[in-house]
Amino acid sequence: MSNNKFETNAIRTQMERSEFLEHSTPLHLTSSFIFEDAEDMRASFAEEKQRNIYSRFTNPNTSEFVDKMCKLEGAENGYAFATGMAAVFSTFAALLNAGDHIVSARSVFGSTHTLFTKFLPKWHIETSYFKVDEVDQIESLIQPNTKILYLESPTNPAVDILDLELLGKIAKKHNLIYIIDNCFATSYLQNPIKFGADLVIHSATKLIDGQGRVLGGVTVGRADLIREIYLFSRNTGPALSPFNAWILSKSLETLGVRVDRHCENALKVAEFLEVHDKVALVKYPFLKSHPQYDLAKKQMKLGGNVVAFEVNGGIEAGRQFLNHLKMLSLSANLGDTRSIATHPASTTHSKLSEADRLETGIADGLVRISVGLEHVDDIIDDLKQALKYV
Ligand SMILES: Cc1ncc(COP(=O)(O)O)c(C=O)c1O
């Protein structure tokens, strides 16, 4: 099956069928598994046998989800987590020692930023940041104790694009573990391992579930690193539940067709906003006006479903716009069938100083739209009427 295309792998990677020969994957809701005898139990714990012992370690449903994600990202192995942040935290906790150092971009997801600034320093792990338009500064930030280069592309919420291949070369030159949070693009649009990534992380809560139902996360990549992540996680308990794994594995079957339509709608929304007189700036990777348009075209199949734009008039204008939306949801999620609008300056990034916010590309009037799968004319009509109040 390994030569199959994305869509086929997303559908046909499945656990071994039981005696019932079920067509669709069954759900294995069990905390633990039984052993045939004492020797079977000993050999299983000694890892002489590859088998399920306890669902905090592995479960057929989580394994199916991980196997699919590995195929879709071209990874050797992986581990599935209860949330995207559990994946991010456990990956750092498993691989870093006190005194290690991380290099990352200014523009990362808010909770990842909080992990870098508030929690990892408790274990004397510090992070240095480069601005997304100052990639040439990275090498000056690398120290003898730097162990990880950690990035998102496209970034949340400013939708900037980083050169994954160039950064992969820098990581290799300095022997850094190169980790990409690929949740905005999904494995369908971009495979960071092709550009040298050692590990790829996803919040499966977003486009992988795609219907706003369950939380989940996954880290896939180099088998030696995943082994460390597995041992950490098996002993500390951030595992994905079998039920959520079952949902997420089924969701992957439709990821390609869903993301195609998300991207088609998002491009139309971006094109509408770009010529609107109440809109100061639109950021969408596949708009020619995006500062990294050529790069986006090189490393992504399509532009993704997130459009960021700035309304004229600052924070108040952003809030007014949100207050007048009739169909789009005001919600903290993204990647749902339902289109969602957020105003980062007054919500997810309100705890950052104004200077830090601007450095991260979050202007006061920035609005982030996660474009959903409603008819695009209805999405645009709602934006049009709400913009009248700005
Ligand atoms: C880029 C990115 N990474 C990680 C996360 C965290 O994922 P979760 O909410 O599943 O913990 C998010 C959530 O919005 C995100 O946008």
Side-chain angles (χ1 to χ4, degrees), residues 62 65 69 73 78-93 102 104-116 119-120 127 132 148 150-162 164 179-187 189-190 192 197 199-220 233 237-241 244-245 247-248 251-252 259 262 266 283 285 300 304-308 329-336 338 340-344 347-352 360-362 366 368-372:
T62 50
F65 173 60
M69 287 305 303
E73 285 289 4
Y79 186 84
F81 297 90
T83 66
M85 282 320 297
V88 174
F89 173 69
S90 306
T91 299
F92 286 128
I102 302 166
S104 186
R106 269 259 167 253
S107 183
V108 285
F109 175 57
S111 294
T112 306
H113 189 263
T114 306
L115 188 59
F116 288 157
F119 296 108
L120 292 182
T127 306
V132 289
I148 285 178
Y150 182 88
L151 310 167
E152 292 170 16
S153 182
T155 62
N156 182 8
V159 205
D160 289 309
I161 304 290
L162 286 160
L164 296 183
I179 307 179
I180 306 294
D181 178 333
N182 200 26
C183 123
F184 261 45
T186 77
S187 332
L189 301 182
Q190 170 178 285
L199 293 172
V200 178
I201 295 180
H202 286 272
S203 163
T205 316
K206 312 298 173 210
L207 285 152
I208 291 178
D209 171 39
Q211 287 142 90
R213 299 165 299 184
V214 299
L215 298 163
V218 66
T219 302
V220 297
S233 306
L240 180 65
S241 77
N244 285 3
I247 296 263
L248 292 170
S251 303
L252 281 175
V259 171
H262 274 292
K283 292 265 284 298
M300 294 173 74
N305 84 313
V306 178
V307 180
S329 315
L330 307 189
S331 177
N333 203 9
L334 64 93
D336 197 322
R338 299 184 166 124
I340 295 171
T342 54
H343 181 232
T347 56
T348 45
H349 291 71
S350 60
K351 298 209 172 53
L352 267 63
T360 315
I362 302 166
L366 187 87
R368 185 191 77 185
I369 307 273
S370 163
V371 180

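For ligands, and for the atoms within them, numbers begin at 1 and follow the listed sequence.
Taking distance alone, with nitrogen or oxygen atoms compared against 3.5 Å, T112 stays at or beyond that limit from ligand 1. No N or O atom of V88 sits closer than 3.5 Å to an N or O atom of ligand 1. Looking at E152 next to ligand 1, no N or O pair under 3.5 Å apart turns up.
The shortest distance between side-chain heavy atoms of P157 and I362 falls below 4.5 Å.
Numbered from 1 in the order shown, with element, the atoms of ligand 1 that lie under 4.0 Å from a heavy atom of T205 read 8 (P), 10 (O). Of all atoms in ligand 1, numbered sequentially from 1 with element shown, those under 4.0 Å from a heavy atom of C183 are 1 (C), 2 (C), 15 (C). Using a 4.0 Å cut-off to heavy atoms of K206, the atoms of ligand 1 that qualify are 9 (O), 12 (C), 13 (C), 14 (O).
For atom 11 (O) of ligand 1, the nearest non-hydrogen atom of the protein is M85 N, 2.8 Å. Taking atom 1 (C) of ligand 1 as the reference point, the nearest protein heavy-atom neighbour is D181 OD2, 3.4 Å. Looking at atom 6 (C) of ligand 1, its nearest protein heavy atom turns out to be F109 CE2, 3.5 Å. The closest protein non-hydrogen atom to atom 16 (O) of ligand 1 is N156 ND2, 3.0 Å.
Heavy atoms of G217 come nearer than 4.0 angstrom to ligand 1 in no pair at all. For H202, the closest heavy-atom approach to ligand 1 does not fall below 4.0 Å. Ligand 1 lies within reach of G216, whose nearest heavy atom is under 4.0 Å from it.
Of the possible donor and acceptor atoms, one in the side chain of N182 sits under 3.5 Å from a partner among the backbone N and O of Q190. Between the side chain of H262 and the main chain of G304, no donor-acceptor pair closer than 3.5 Å is present. Checking side-chain atoms of E73 against main-chain N and O of V200 turns up no donor-acceptor pair under 3.5 Å. Using a distance-only test at 3.5 Å, with no hydrogens or angles considered, no donor-acceptor pair links the side chain of N244 to the main chain of V214. A distance-only check finds no donor-acceptor pair linking the side chain of K206 to the backbone of G335 [under 3.5 Å].
Between F92 and F116, the distance separating the two ring centers is shorter than 6.0 angstrom.
For E152 against S107, the heavy-atom pair with the smallest separation is OE1-O, 4.3 Å.
Residue R106 places its CZ atom among more than 12 non-hydrogen atoms of other residues, nucleotides or ligands, all under 6.0 Å distant.
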